[in-house]
Amino acid sequence: MNTNADTSKNIHQGRNIKRFREMLGLKQEALAYALGEQWSQKRVSLLEQKEVIEDDILNQVAAILKVPVDAIKNLDEDKAVNIIANTFTDFKDNASAINTNCSLHFNPIEKIVSLYDEKVALLERLLESEREKVEMLRKGNG
């Protein structure tokens with residue numbers, strides 16, 4: 001018997017945030033910066049350890065990571081691993097890994113390039129912020 005309570009028990013929202021963040025190549029510091037001044041790397045680390053996250057914070061993080069909130073709420077690693085394990089092919093005897101029943105509605109290369117561009121833009125904003133901090137410290141000491 002599999003109820004919603006059983007399913008949600010396996011889902012760790014903080015770990016899911018960490019997975020999406022790492023897939024995008026973002027460090028905790030960058031996510032903290034994007035979340036605002038009251039956030040730090042340590043606070044993001046603590047957030048990623050929480051099993052259930054408040055909706056307002058979840059909405060903010062999802063917007064920054066550009067993933068649906070439901071993806072963070074519903075990603076179940078055990079089920080994903082099970083699907084991969086049950087569909088993996090070792091390509092012996094020239095077997096094909098292409099599923100002919102699958103049709104993509106987006107170009108994966110374009111999506112990767114888009115995510116890379118977003119990552120670069122975020123890192124440039126982070127770098128600019130750090131330069132501004134250095135400049136403010138120089139003015140304060142000079």
Side-chain angles (χ1 to χ4, degrees), residues 2 4-142:
N2 197 5
N4 285 342
D6 293 335
T7 303
S8 65
K9 192 173 13 173
N10 294 332
I11 297 173
H12 193 288
Q13 294 175 355
R15 250 192 318 254
N16 289 345
I17 288 174
K18 180 178 180 178
R19 281 189 194 94
F20 284 115
R21 178 183 58 75
E22 288 176 341
M23 280 190 265
L24 293 171
L26 287 178
K27 293 192 175 280
Q28 289 177 333
E29 294 88 353
L31 180 56
Y33 175 78
L35 283 167
E37 288 182 13
Q38 70 277 17
W39 284 85
S40 64
Q41 177 274 324
K42 178 69 174 169
R43 188 169 175 199
V44 170
S45 177
L46 293 172
L47 177 73
E48 291 177 351
Q49 294 172 28
K50 290 177 73 174
E51 188 168 344
V52 178
I53 297 170
E54 301 80 16
D55 283 340
D56 58 331
I57 295 173
L58 204 57
N59 288 328
Q60 282 182 284
V61 171
I64 291 166
L65 298 177
K66 297 185 187 318
V67 297
V69 173
D70 285 342
I72 296 171
K73 285 184 175 181
N74 298 320
L75 178 66
D76 185 345
E77 180 179 300
D78 294 336
K79 288 182 181 177
V81 168
N82 190 31
I83 289 169
I84 293 167
N86 289 331
T87 57
F88 177 75
T89 304
D90 63 3
F91 304 109
K92 288 182 181 173
D93 302 319
N94 296 323
S96 174
I98 298 172
N99 180 353
T100 56
N101 297 326
C102 175
S103 62
L104 296 176
H105 299 285
F106 65 93
N107 182 337
I109 301 298
E110 287 177 10
K111 186 67 175 171
I112 291 170
V113 169
S114 170
L115 290 173
Y116 177 78
D117 290 342
E118 290 172 17
K119 177 181 169 183
V120 168
L122 180 60
L123 291 172
E124 286 174 351
R125 288 196 310 267
L126 183 59
L127 181 60
E128 183 59 32
S129 170
E130 292 301 314
R131 286 181 180 143
E132 289 172 5
K133 287 178 189 176
V134 168
E135 190 60 34
M136 286 173 44
L137 287 172
R138 284 186 182 152
K139 288 180 182 177
N141 291 334

Value rounded to 0.5 Å, distance of CD in E51 from CG in N16 | 10.5 Å

What distance do Q60 atom CD and E54 atom CD have between them, rounded to the nearest 0.5 Å?
-> 10.5 Å

Which pair of heavy atoms, one from L65 and one from I17, lies closest together, and at what distance?
-> CD1-O, 4.1 Å

Between A62 and V69 the two heavy atoms that sit nearest each other are CB-CG2, 3.6 Å

Side chains of residues 112-123: which donor-acceptor pairs under 3.5 Å do they make with residues two or more places apart or in other chains?
unit_1 : atom_1 : unit_2 : atom_2 : d
S114   : OG     : E118   : OE2    : 3.4

Hey, does I53 have a side-chain heavy atom less than 4.5 Å from the side chain of V61?
-> no

Partners meeting salt bridge (Lys or Arg N to Asp or Glu O under 4.0 Å) with K42 (sequence neighbours left out) = none

Go through the structure and list residues passing side-chain contact (heavy atoms from CB on, under 4.5 Å) with [X], not counting sequence neighbours.
{"X": "A71", "value": "F20, P68"}
{"X": "D70", "value": "K73, N74"}
{"X": "V52", "value": "Q13"}
{"X": "E135", "value": "R138, K139"}

Pairs in or reaching into residues 122-131: which pass side-chain hydrogen bond (donor to acceptor under 3.5 Å, both in side chains), with residues at least two apart or in two chains?
-> E130-K133

For residues 26-35, which side-chain donor-acceptor pairs fall under 3.5 Å, sequence neighbours excluded?
unit_1 : atom_1 : unit_2 : atom_2 : d
Q28    : OE1    : Q41    : NE2    : 2.4
Q28    : NE2    : E48    : OE1    : 2.9

